[in-house]
Participant: 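Dumping the structure here so I can ask a few things about it.
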Amino acid sequence: MKKKLENQKINSEGIDRLSEMAGELLEQSNVERSIATRTRLVLETLLENISRHYDEEIEIGISFTKRFGVKTLDITWSGEKYNPTVGDDVDEWTATILSEIAMAPTYRHRKKRNKVSIRLPRNKFREEFYLVMAFVIAISLGFAGEYIPDNIVSSVTEYGLVPAADIFMNMLMTFAGILVFLCVVTGVCGLGSVREFSKIGRTMTSRYIITSFLGCGVCVLLALPFYSLTIVERSADFRGKAIFEMVLNIIPKDPITPFMNGNMLQIVFMGMLVGVALLVFGSELNRLGEVIIQAKKVIVYIVELICGLLPIYIIASLTKLFWSKGMGIFATIWKPFIICMVLCHIVAFAAVASASIRCKVSPFLLMKKMLSSYIVGFTTASASATMGTMFEVNEKRLGIPISLSQFGVPLGSLICNSAVGGIFVGIIYYVAEFSGTDVSVGWFFGVWLVTTILSFAMPPVAGGPLVCLKVMFAAFHLPVDCMGIAVTLIMLTDFAMTSTRVMTVHMELAIIAKHNGTLDMDMLKSRDVNAG
């Protein structure tokens, strides 16, 4: 489906007219109101940038397309090459990387025509609704299994549930290795670009990465007393030997086998090497970088289509688990759910405490000022949905300069992942406890390292956490039968993960602004949460 608006000359009246027509077009296309509003704001900003760049009034065309569920708003015009999406401090590579997490536009120039595309996010509520319904159906079938004859349960499991779950996982893992590789490569290159563009970029990137490692390490230790894990006694030299063997196993024997065997840790290692190599050569390989970014977009879209079948996988895997292990397993979910929720908030409160000490502000005042962002994150579980509120809170309540916020918020949503690591730790411990998996000191070190690294490489799609879980299950020898319950826990804790990450990013940006002397202390300490 494609709808096109009549061309308009780019002036003050033309911008208003195009914005109004675009809003009507989005409304007619059943685009969610909040998404349509943010799209119009992005559109108006782009049109104003274009208007300021050209001396003469040029004609702008706008079209809306919907293909296989993907909604895109395109802006086209003829003339010299000009990218209105890139500012003075951010290069095209960095802008492209950040566009994956925010509703940011992408640009291309071909045959003397400029084109900017705004890809609209999916309806998060609808996706969550389908996942919740799948969970409810699985529970209903699990209870019904008590009254179904054993031969029918066995036949349905063998010829229905098992094939459905296997087909979904096989399709996902066929492209998951390629996707993780491309995510790591673009992530490393993007971070290098961020670090090079200014001193603030280097400080921001370093803080995000360091706090993510520290946060995951703290979660590994804090969660341990609440699980009855089977710790195997080893000799005194086992710790070093286990860690040494784990490091050696990350290095592949050849570049093909990791993709064939689905060894994600080795794929991550290769992706990091390729990303570093691209950073070394820099502008000499710009064309290769563009190809990698385009290839990633294709694979991301394929994985998104596959993840549209996630409700079917949840029904099949959970029903199979309930029928084989009994409904008693459902009664044990409350513990990892609570622990994961607590771990997320401990990480967030630690960030608040750190900012409170650095900025000499009451932690309760900081939390009160961030409340609106927290609520949006908790109710939507969508990083892109929180962007507008986060910008407003940073600028009008926390006193963080908009120039820092516009760059730091999307970047933080990509790599400020201590809350994500806390969720992964809680789930891994739970599955290891439930299955009676033997663990050791080296195993805990591996949990810390792997969860942190994979949180950075998590694909930006609905099934991204599922890909990471598959890697963790293989790395820590956890039973695949429990994958369904792990996916359910991810779904149930996604809201807390998003909202606590929002708090962490707010506080990290406040600390960075204070360090650079750009934080408005009067606004930050004001008791009026609507100050500014």
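Heavy atoms only: backbone and side chains are in, while hydrogens, waters and symmetry mates are out. What you see is a predicted model; the values in this text were computed from it and never measured.
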Participant: Side-chain contact, heavy-atom cut-off 4.5 Å: Ser418 with Thr211?
Facilitator: no
Participant: By ring-ring contact (aromatic ring centres under 6.0 Å, His included), which residues pair with Phe337, not counting sequence neighbours?
Facilitator: none
Participant: State which residues pass ring-ring contact (aromatic ring centres under 6.0 Å, His included) with Tyr208; sequence neighbours excluded, sorted by chain then number.
Facilitator: none
Participant: Is Glu433 salt-bridged to Lys335, cutoff N-O under 4.0 Å?
Facilitator: yes
Participant: Please enumerate all residues that pass side chain to side chain donor-acceptor pair (under 3.5 Å) together with Thr488, with sequence neighbours excluded.
Facilitator: none
Participant: Considering residues at least two apart in sequence or located in another chain, which fulfil the ring-ring contact (aromatic ring centres under 6.0 Å, His included) criterion with Phe473?
Facilitator: none
Participant: What residues form a side-chain contact (heavy atoms from CB on, under 4.5 Å) with Leu222, not counting sequence neighbours?
Facilitator: Val218, Leu343, Ile346
Participant: Would you check if there is a donor-acceptor pair between the side chains of Asp74 and Ser117 at a distance under 3.5 Å?
Facilitator: yes
Participant: How about His506 and Val502: do any of their side-chain heavy atoms sit closer than 4.5 Å?
Facilitator: yes
Participant: Listed by chain and number, what are the side chain to side chain donor-acceptor pair (under 3.5 Å) partners of Lys115, not counting sequence neighbours?
Facilitator: none
Participant: Angle class for the Tyr374/Phe378 ring planes (parallel below 30°, perpendicular above 60°, tilted otherwise)?
Facilitator: parallel
Participant: Name the one of Ile512, Leu524, Ile511 that satisfies side-chain contact (heavy atoms from CB on, under 4.5 Å) with Leu519?
Facilitator: Leu524
